[in-house]
Amino acid sequence: MDEVHHWVGSNGGPDFYQVLKRNVEKTTKAGSRWVTTTNAFNPNEDSVAQQIFESDMVAQGYWLYDCLEGSIEVEEIRDEERVRAALTEAYGDAHWADIDGLTKTILYDRTTPDSTYCRFFFNQIAESSDGWMNKAEWDACEADPADDPILAGEQIAIGFDGSVRGDGTALVGVRLRDAKLFILGKWLRPEHARDDWEVDVLSVEAAVKRAFETYRVEWMYADPPWWQENIGRWAVEWGDDYVFEFWTNKPTRMVQAVERFRTAVMVGDLSHVGDPEMTRHVLNAVVREVPQGDLIVKDSPRSKRKIDIAVAAVLALEARADAIADGRLQIKRRRVVGF
């Protein structure tokens with residue numbers, strides 16, 4: 001199996017890998033074996049290369065994972081001596097490698113992102129340069145769900161990103177007092193769904209109702225396409241000063257929301273409960289540059305790598321900011337009594 005860093009969910013790579021591996025494993029006594037060759041993987045893609053690298057079979061020593069990795073940091077790849085040494089280390093005894101030519105390419109060819117050089121020249125695991133969120137920064141914001149859990153009756157804001165057929169629908173909450181994100185509902189199209197699959201609208205309605213009845217919802221931002229009638233009904237039921245439309249296809253406003261979310265992650269001003277689906281959607285998002293700034297989108301229009309929960313999370317954090325700006329955050333103060 002070759003180039004398994006390209007075997008990702010959007011092209012069916014992991015399923016294909018499982019079929020091949022199962023058949024080999026059934027006939028190992030007859031001498032069957034499998035081997036993969038790969039470049040370093042992008043940790044945001046959940047490729048077959050990543051799955052093998054992270055497997056307990058490797059950790060326990062049952063599978064051999066062999067890699068020569070160049071010792072160099074991204075900020076050092078303008079240093080000719082460091083680049084040449086790292087290439088020599090990574091290519092080992094591959095005498096056919098043109099170390100001089102590769103060194104010149106890395107030093108002077110600015111048409112290729114540095115992250116690509118790290119992966120394909122130095123064999124380093126690195127994220128794509130167009131990825132929106134840094135995995136290490138996102139993971140650093142993870143909070144233990146059992147530590148200060150979000151309780152019924154607490155003040156929250158909500159973000160809603162809806163679809164009907166092609167994509168998923170997500171409802172994300174965030175606690176007002178500390179910006180802790182959590183999922184209130186998700187309706188994601190199954191990988192092998194029938195062509196007529198649709199989001200369960202009644203289930204979404206029930207989740208919104210449950211959120212308003214369980215928590216003190218101070219602000220809700222909802223993306224209107226396909227859901228304008230529902231959003232209008234929610235505004236009537238829960239108050240038009242609590243439920244608002246937020247058009248994610250209006251670049252100026254969305255660019256600002258995306259930037260605020262990214263900054264909050266970078267400086268640790270938000271947290272999340274470590275939901276794997278939220279993490280997957282956040283890390284799936286890539287940046288698309290528009291005149292107003294950066295938006296987040298899927299890596300391709302027909303990609304199976306969804307970002308609906310990430311969009312809902314952005315809207316939730318924006319709703320929180322506007323709720324606080326409107327003076328809706330109520331902080332309980334303890335009374336100090338002296339004797």
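The shown structure was predicted, so the numbers you read here are calculated from the model rather than taken from an experiment. Side-chain atoms are counted along with the backbone in the values below, which use heavy atoms only and exclude waters and symmetry mates. Position 1 is the first residue of the sequence, and the numbers go up from there.
Under the 30°/60° scheme for interplanar angles, the aromatic rings of F261 and W138 are found to lie parallel. Between Y17 and W34, the ring-plane angle classifies as perpendicular under the 30° and 60° cut-offs. The aromatic rings of H5 and F120 sit perpendicular, their planes meeting at an angle over 60°, well past the 30° parallel limit.
Within the 4.5 Å cutoff, the side chain of K186 has heavy atoms near those of the D275 side chain. Side chains of I72 and E89 form no contact here, defined as non-hydrogen atoms less than 4.5 Å apart. Side-chain contact between P225 and W247 is present, with heavy atoms from C-beta onward closer than 4.5 Å. E237 has its side chain out of reach of F212: every pair of non-hydrogen atoms, C-beta onward, lies at least 4.5 Å apart. You'll find the side chain of D178 reaches within 4.5 Å of the side chain of D148, heavy atoms only. You'll find the side chain of E80 reaches within 4.5 Å of the side chain of T103, heavy atoms only. When side chains are defined from C-beta on, D100 counts as touching R84, because their heavy atoms get closer than 4.5 Å. No side-chain heavy atom of V217 sits less than 4.5 Å from a side-chain heavy atom of W238.
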Could you walk me through whether L176 and R216 pass the side-chain contact (heavy atoms from CB on, under 4.5 Å) test, one step at a time?
-> CA-CA 10 Å; L176 252 62; R216 293 175 57 192; over 6 Å; no
Should N39 and R119 be marked as a side-chain contact (heavy atoms from CB on, under 4.5 Å) after you check the CA-CA gap, both sets of side-chain angles, and the distance that decides it?
-> CA-CA 7 Å; N39 285 291; R119 287 181 62 197; 5.7 Å; no
List the steps, then state whether side-chain contact (heavy atoms from CB on, under 4.5 Å) holds for H281 with L188.
-> CA-CA 11 Å; H281 281 223; L188 307 177; 3.8 Å; yes
Start with the C-alpha distance between T263 and E259, add both sets of side-chain angles, then the distance that settles side-chain hydrogen bond (donor to acceptor under 3.5 Å, both in side chains), and finish with yes or no.
-> CA-CA 6 Å; T263 301; E259 177 59 28; 3.1 Å; yes
Please test R33 against T28 for side-chain contact (heavy atoms from CB on, under 4.5 Å), starting from the C-alpha separation and ending with a verdict.
-> CA-CA 6 Å; R33 298 291 187 271; T28 53; 4.1 Å; yes
Would you check, one step at a time, whether the test side-chain hydrogen bond (donor to acceptor under 3.5 Å, both in side chains) holds for W187 with S203?
-> CA-CA 9 Å; W187 300 265; S203 178; 2.8 Å; yes
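Note on V255: it does not cluster hydrophobically with M266, by side-chain heavy-atom contacts below 4.5 Å among ILVMFWY residues. Side-chain heavy atoms closer than 4.5 Å link hydrophobic residues (I, L, V, M, F, W, Y) into clusters, and following such links, possibly through other members, connects V282 to V174. In this structure, Y62 is a member of the same hydrophobic cluster as V4, with clusters built from ILVMFWY side-chain heavy atoms closer than 4.5 Å. Note: the hydrophobic cluster containing M254 does not contain W226 (ILVMFWY, side chain heavy atoms under 4.5 Å, direct or indirect links). Residue L329 is not grouped with residue I158 when hydrophobic side chains (ILVMFWY) are merged at heavy-atom distances under 4.5 angstrom, including chains of intermediate members.
Closest heavy-atom contact between L283 and M133: CD2-O, 3.9 Å. V58 and I52 make their closest contact through CG2-O, 3.1 Å (heavy atoms, listed as atom of the first residue, atom of the second, distance). Contact record, V273 with P145: O-CG, 3.5 Å, taken as the closest heavy-atom pair. The nearest pair of heavy atoms linking W197 to V199 is CH2-CG2, 3.8 Å. Between V243 and A235, the closest heavy-atom pair is CB-CA, 3.8 Å. Taking every heavy atom of both residues into account, V311 and T248 meet most closely at CG1-CG2, 4.1 Å.
Here CG of L270 is found 13.0 Å from CZ of R175. Values are rounded to the nearest 0.5 Å. With rounding to the nearest 0.5 angstrom, the CD1 atom of I231 is 10.5 Å from the CZ atom of R233. Remark: H272 NE2 to T279 OG1 distance equals 5.0 Å, nearest 0.5 Å. Put simply, CG on L171 and CG on L315 are 10.5 Å apart, with the number rounded to the nearest 0.5 Å. Taken from CZ in R78 to CG in L107, the straight-line distance is 8.0 Å, to the nearest 0.5 Å. Interatomic distance, Y215 OH to I150 CD1, rounded to the nearest 0.5 Å: 6.5 Å.
D308 contributes a side-chain N or O that, together with a main-chain N or O of G168, makes up a donor-acceptor pair within less than 3.5 Å. A donor-acceptor pair is defined here as one N or O able to donate and one able to accept, closer than 3.5 Å; such a pair exists between the side chain of R82 and the backbone of S71. Between the side chain of N284 and the backbone N or O of K306, at least one donor-acceptor pair lies under 3.5 Å. Side chain of D322 to main chain of A319: no donor-acceptor pair is present (N/O by atom type, distance under 3.5 Å, no hydrogens or angles). Between the side chain of W63 and the backbone N or O of F53, no donor-acceptor pair lies under 3.5 Å. At distances below 3.5 Å, at least one donor-acceptor pair connects side-chain atoms of S32 with backbone N or O atoms of T27. A donor-acceptor distance shorter than 3.5 angstrom exists from the side chain of T105 to the backbone of G101, with no hydrogens or angles considered. Judged by distance alone, the side chain of N230 and the main-chain N or O of E205 form no donor-acceptor pair under 3.5 Å. Under the 3.5 Å distance criterion, the side-chain polar atoms of N23 are matched with a main-chain donor or acceptor of V19.
For the side-chain contact (heavy atoms from CB on, under 4.5 Å) criterion with Y221, the lone passing option out of E245, R320, E318 is E318. Between T169 and the options V201, V204, I309, a side-chain contact (heavy atoms from CB on, under 4.5 Å) holds for only V204.
For Y91, the ring-ring contact (aromatic ring centres under 6.0 Å, His included) criterion is met by no residue, not counting sequence neighbours.
Crowding of D93 atom CG: a count of heavy atoms from other residues, nucleotides or ligands under 6.0 Å not exceeding 12. Few gaps surround CZ on R253; more than 12 heavy atoms of other groups in view lie less than 6.0 Å from it. Residue-environment remark: CD (E229) stays at or below the threshold of 12 foreign heavy atoms within 6.0 Å.
Taking the six-membered ring where the residue is Trp, the centroids of F160 and W234 are separated by under 6.0 Å.
Both cation-pi conditions hold for R328 and Y242: the charged atom is under 6.0 angstrom from the six-membered ring centre and inside a 45 degree cone around its axis.
The pair E25-R22 fails the salt-bridge criterion, with no side-chain N (NZ, NE, NH1 or NH2) lying under 4.0 Å from an Asp/Glu carboxylate O.
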